[in-house]
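The analysis underlying the following values was restricted to heavy atoms, covering all of them including side chains, and did not include hydrogens, waters or symmetry mates. Everything numeric in this text was worked out from a predicted model, so none of it was measured. Letters A, B, ... are given to chains in the order of the sequence lines, protein chains preceding strands, and every chain is numbered from 1.
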2 protein chains.
Amino acid sequence: MKAPRDVPTPLLESLKSLGLTKYEALVYIGLLRMVGATATEVHEISGVPRASVYPVLDRLVQKELVSVSHTTPKRFGAIPPDQGIENLMRRIEGDAESAQAALDAIYRERRLDNRGDQELIWTIYGEENIRTCLADMFRSAERSVELFATGDLLRRSVLSLLDSIPESVQVEFVTERWTGEQPSRFHLQVLPLAALCETPSFTERMLPYERSGVFLVDDTRALLWMEGVDGQPSALYSDSVGLALFVRRHIATIMEWAKAAVQ
Amino acid sequence: MKAPRDVPTPLLESLKSLGLTKYEALVYIGLLRMVGATATEVHEISGVPRASVYPVLDRLVQKELVSVSHTTPKRFGAIPPDQGIENLMRRIEGDAESAQAALDAIYRERRLDNRGDQELIWTIYGEENIRTCLADMFRSAERSVELFATGDLLRRSVLSLLDSIPESVQVEFVTERWTGEQPSRFHLQVLPLAALCETPSFTERMLPYERSGVFLVDDTRALLWMEGVDGQPSALYSDSVGLALFVRRHIATIMEWAKAAVQ
DNA sequence: ACCTTGTTGTTATGATAACAACAACATTTA
DNA sequence: TAAATGTTGTTGTTATCATAACAACAAGGT
């Protein structure tokens, strides 16, 4: 007869996103703590109303998370967590797979109206999404790639994508500090901005660990990588001539500025 | 201006179990079919009420499934399905991981009351669950393992588990037909029941592809593998002396019966 | 036998929250 | 002005949550 020791909310949330309801989660957790409990005992240790315990247990059996004994009264036991969660994930992964197949079919026959498409500026959220967008840009580069980014961002999120740039493309990049040797595969131009970073007007305007960058491919496609105050990365991407022009000018200015500062 | 071509229900269900609501699924699917749609166009192709489109799009952006353009009116685009589903699954897998850690901690400090535990008969649903239970039984075997199962079940679901039986344990098994050589690692005794299977009284009582089996370890733990009419496997497991005795007698009878039939 | 007592399992019913659907309004753009 | 965009609020609907009452059954005491 244990008390319905309270359950941390994040655990409940996690189990909910695996497809369980609050009661199902509470009952399953309760059963993990007592093997072979009757419905009434389940009610006691889980804190869910006794009447609700029966349908909940039925659903848990259906979901292959608990097993039942053939006694009167019935007794219930939980499948061990590793096995149980695997059972839940198997179902979800199956759904993901079939959904992906169906969505891909839909996606392939989409209409590419391009109705002024090249004038749009998109904002993309999530580091993964930004990185795949960047990878696409790099892969499709034909003449030039220019990038100006903080060293942290460059090393941790961008460097591994540079491999997808075709051999013939000229790559230039600027960063504020660079430790280690220069990547050798590209014609590249590193302009250390270390001196510039120490000026007060610079440090007061830019946070020390801010991750941001500007990327320009073939002078036509641009991506601005920024980071909100919450640390969530987001980016602007566009084929628009307006943004490309702005970024070209911006990067050119930075490079001139950097050269001047170095001297 | 496409019609809100109706969406197959199973796809909606799959996306729901990935954490989307019905509207979110419909809007995402609609956006897959038209790049750079305005809110009104999204409403038209998805069939979702125009007013509801805005909060739904907000949530989809939050979930990193769509990106927004900085124009007026705003235009929206879907992240490609592979990337989008990966984003959803990453969240879910993270939840599964943290949930597993928390549940394991709870599971380790459970009380093993064993209050008459050995007298309980458990029913287990799901092939995976049954197989892990069988594997546990085999692994903990000390003296003997006896099994009587249909050949199909044996080959497809049980054979690979036999490796976990300790070397010193004597293994006997009976099946109705056995093609191929005998597994060599065990002291085993194969009693072909092929002749018996042809008798009318046998075939009329047992379905041709029924998968079922009886397993007995150390004369104390028994598992009955059965299959419902729906093809969903389930099993009875018990330490109880009653069931063990029944199974012992059952298997002994079968073996005598088989020997007599062979002669 | 009868009646309590307590537990098991079931059913009904209201409360709540999230979502779905609709209508009305304010704002912008042409 | 007219049309389209974006916002707000209300209502209907569903699934889950929560409580109460009820019937079935066994154990035990008069």
Could you check how far [atom1] of [X] sits from [atom2] of [N], rounded to whole Å?
| X | N | atom1 | atom2 | result |
| --- | --- | --- | --- | --- |
| B:E41 | D:dA3 | CD | C1' | 15 Å |
| A:L20 | D:dA15 | CG | P | 18 Å |
| A:K74 | D:dC25 | NZ | P | 15 Å |
| A:D58 | C:dT8 | CG | P | 16 Å |
| A:Y54 | D:dA18 | OH | C1' | 16 Å |

Within residues 55-73 of chain B or reaching into it, pairs that qualify as salt bridge (Lys or Arg N to Asp or Glu O under 4.0 Å) - sequence neighbours excluded = B:E24-B:R59, B:E24-B:K63
inquiry  = Across nucleotides 15-30 of chain C, 5' to 3', mark each nucleotide with B, S or - according to how protein heavy atoms within less than 4.0 Å reach it.
reply    = ----SSBBB-----S-
Donor-acceptor pairs under 3.5 angstrom involving side-chain atoms of residues 242-251 of chain B: please list them, not counting sequence neighbours.
none

inquiry  = Going by the rule side-chain hydrogen bond (donor to acceptor under 3.5 Å, both in side chains), which residues pair with A:E128 if we only count those two or more places apart in sequence or in a different chain?
reply    = none
key: Residues in side-chain hydrogen bond (donor to acceptor under 3.5 Å, both in side chains) contact with B:D95, at least two apart in sequence or another chain   = A:S14, A:S17
message = Tell me every residue that passes side chain to side chain contact (heavy atoms under 4.5 Å, CB included) with A:A149, counting only those two or more places apart in sequence or in another chain.
response = A:L153, A:L154, A:F215
remark   = Ranking B:T40 and B:P55 by the position along DNA chain D of their nearest nucleotide, the one closer to 5' is B:T40
Side-chain H-bond candidate by donor/acceptor type, A:D82 with B:Q100, under 3.5 Å = no
